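Remarks on the structure that follows.
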Amino acid sequence: MQVTAVSCVFCEVVAERADASKVLDEEHVVAFLDASPVFKGHVLVVPRIHHDTLLDLPADLLTPLFTTVQRVQRAVMGALGAKGTFVAMNNVVSQSVPHLHVHVVPRTKGDGLRGFFWPRQHYDDAAERAWYAARLREALPPGD
């Protein structure tokens, strides 16, 4: 079952009606590159069915969501040579899209990210964005 919220851009991505570079597309969870990444390779992990916030997510979807976040984190580090990641979720305040999503941001020592100030970047073009998505897909550990 796929529930789509009215005018939700992430629901449009899940339904393949909006352009996105998907990294993962599974039964309960979809992951794709952030269109305005903090650093290139910044991935958003979303439940396939629309839920506004973590408080709205049914308990049976917690494990699929967060095991996928963990897999994406491994892929970001393995594929992009990141030394770590910043994993974050906003709920209502500072939540730019009201569809639950987890940010997995590649990090390296001295990358300039300080506190919660998130300067945004852009991919040079669709080919560069596709290259990052392909590298991450290839590096994803298998799911259960």
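Note that the structure is a prediction, hence the values are computed from the model and not measured.
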Nearest-0.5 Å distance, CG of residue Leu62 to CG of residue Leu54: 6.5 Å
Can you list everything that forms a salt bridge (Lys or Arg N to Asp or Glu O under 4.0 Å) with Asp124? Sequence neighbours excluded, please. Lys40
Any side-chain to backbone donor/acceptor pair from Arg137 onto Lys22? Under 3.5 Å, distance only. yes
Specify the closest pair of heavy atoms between Ala35 and His122, including all atoms of both residues, with the distance to one decimal. O-ND1, 4.0 Å
Is the backbone N or O of Leu140 less than 3.5 Å from a side-chain atom of Arg71, with the two atoms forming a donor-acceptor pair by type? no
Quick check: does any side chain N or O of Arg135 sit under 3.5 Å from a backbone N or O of Ala79, one acting as donor and the other as acceptor? yes
Are Leu61 and His51 close enough that some pair of their side-chain heavy atoms sits under 4.5 Å apart? yes
List the atom of Val76, the atom of Gly41, and the distance in Å for their closest heavy-atom pair. CG2-O, 3.9 Å
Check whether Val23 and Met77 end up in the same hydrophobic cluster, where Ile, Leu, Val, Met, Phe, Trp and Tyr are linked by side-chain heavy atoms less than 4.5 Å apart. no
Give, for atom OH of Tyr132 and atom CZ of Phe39, the distance between the pair rounded to the nearest 0.5 Å. 11.5 Å
Between Val87 and Val102, what is the shortest heavy-atom contact and its length? CG1-CG1, 3.7 Å
Check: His42 and His103 side chains under 4.5 Å, non-hydrogen atoms: yes
Could you tell me which residues satisfy side-chain contact (heavy atoms from CB on, under 4.5 Å) with Ser21, sequence neighbours excluded, listed by chain and number? Leu33, Arg129, Ala133
Just by distance, do the side chain of His50 and the backbone of Pro98 share a donor-acceptor pair under 3.5 Å? yes
Heavy-atom side-chain proximity of Val45 to Leu65 below 4.5 angstrom: yes
Counting distance only, does the side-chain N/O of His99 pair as donor-acceptor with the main-chain N or O of Pro47 below 3.5 Å? yes
Check the orientation of Phe32 and Phe10. Use parallel for under 30°, tilted for 30 to 60°, and perpendicular for over 60°. perpendicular
